[in-house]
Amino acid sequence: MSYTENDFSEFNACYMVSSEFPEEAVYRIPSELLCAIDNGNEAFFSGLKTSFPKLYQVLTAECSRIQLLESVSIGIGLNDFGKECKSYWWGLKCGQKLITAGIPLINPSEATITDYLKAYLSCLPAGFDCFYEKMDSLAVAAGIGPYGYDLPSSFSDWREIKNFCEDHEQDLSGAKFMYDKLPGSDLRVFIQCSNSDLIVCDLTGQHRGLFYVKGGDFKNYHLINDPLKALDAYFAGAVKGESPSIL
């Protein structure tokens, strides 16, 4: 049985436990994750507890219960024009802020996804893999859906910084400056912050750590010292609607 609460009135339906999931959602969610939300926030976010204790505390003590959110739209593509299309995300609320988490397409234990993940996870500091187990992203939502700001994004959204500059009509000299300072790198936008700051990583793994880019100016970047501690505080504040500082 589904229901729509006032807290999630922007969605067509929401579901608290897997026994209520519609057939289409059951078909799409990987079998290993089908019951992921059944035991509530503490169980779902348990992987964050060690590396990101402040974020874990906010998500488990200051937010609504995590649910499966359903949004219905009308297709505009050649194959689905005029058809009803349903999309699903994990989601919860902290006050009026919607926090969404993408649902992985494949079971985490499957070899194909494990090999795919290694290239991305190996370039991140130890501890960040917890964002890519029961979810494939986390965001303070910018609208309805898994896209937003201030939290680790899906691997598919790790834009190359030169492409990020082009998309935002920025001078490419800033990106060139950072590439020159970090030779041989494949720099990607790991986190886009709501205040235009960026967190960047090197997908090649040659230049270890996470880089803080102030105001999206790639000429103004710094290596983040103790990224787990710094970003745990930042993530927790962002979820609560505060304006925390990364450095």
Centroid separation under 6.0 Å, is that true for the rings of [Y] and [X]?
X: Phe131; Y: Phe235; result: yes
X: Phe155; Y: Tyr120; result: yes
X: Phe21; Y: Tyr88; result: no

Look up atom [atom1] in [X] and atom [atom2] in [Y], then write down how far apart they are to the nearest 0.5 Å.
X: Leu151; Y: Phe190; atom1: CG; atom2: CZ; result: 9.5 Å
X: Glu62; Y: Cys94; atom1: CD; atom2: SG; result: 6.0 Å
X: Asn163; Y: Trp158; atom1: CG; atom2: CH2; result: 15.5 Å

- request: Classify the angle between the aromatic ring planes of Phe211 and Tyr221 as parallel (below 30°), tilted (30 to 60°) or perpendicular (above 60°).
  value: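 Correct class here is perpendicular.
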task: May I ask you to check whether Asp38 and Ser18 show a side-chain donor-acceptor distance below 3.5 Å?
output: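 Yes - a donor-acceptor pair under 3.5 Å links their side chains.
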query: Are Asn41 and Thr60 linked by a side-chain donor-acceptor pair shorter than 3.5 Å?
result: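 On atom types as modelled, these side chains do not qualify, holding no pair under 3.5 Å.
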field: Arg28 with Glu24: basic N within carboxylate O range, under 4.0 Å
entry: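 A salt bridge is present here (some side-chain N lies under 4.0 Å from a carboxylate O).
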query: Think Lys93 forms a cation-pi with Phe8, using NZ or CZ under 6.0 Å from the six-ring centre and within 45 degrees of its axis?
result: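 That pair qualifies as a cation-pi contact.
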message: Within the structure provided, determine whether Met178 and Lys219 are in side-chain contact (heavy-atom separation under 4.5 Å).
response: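 No, side chains not in contact.
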- prompt: With a cut-off of 6.0 Å (strictly less than), are more than 12 heavy atoms of other residues, nucleotides or ligands near CG of Asn39?
  reply: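 No - once you tally the heavy atoms of other residues, nucleotides and ligands closer than 6.0 Å, there are 12 at most.
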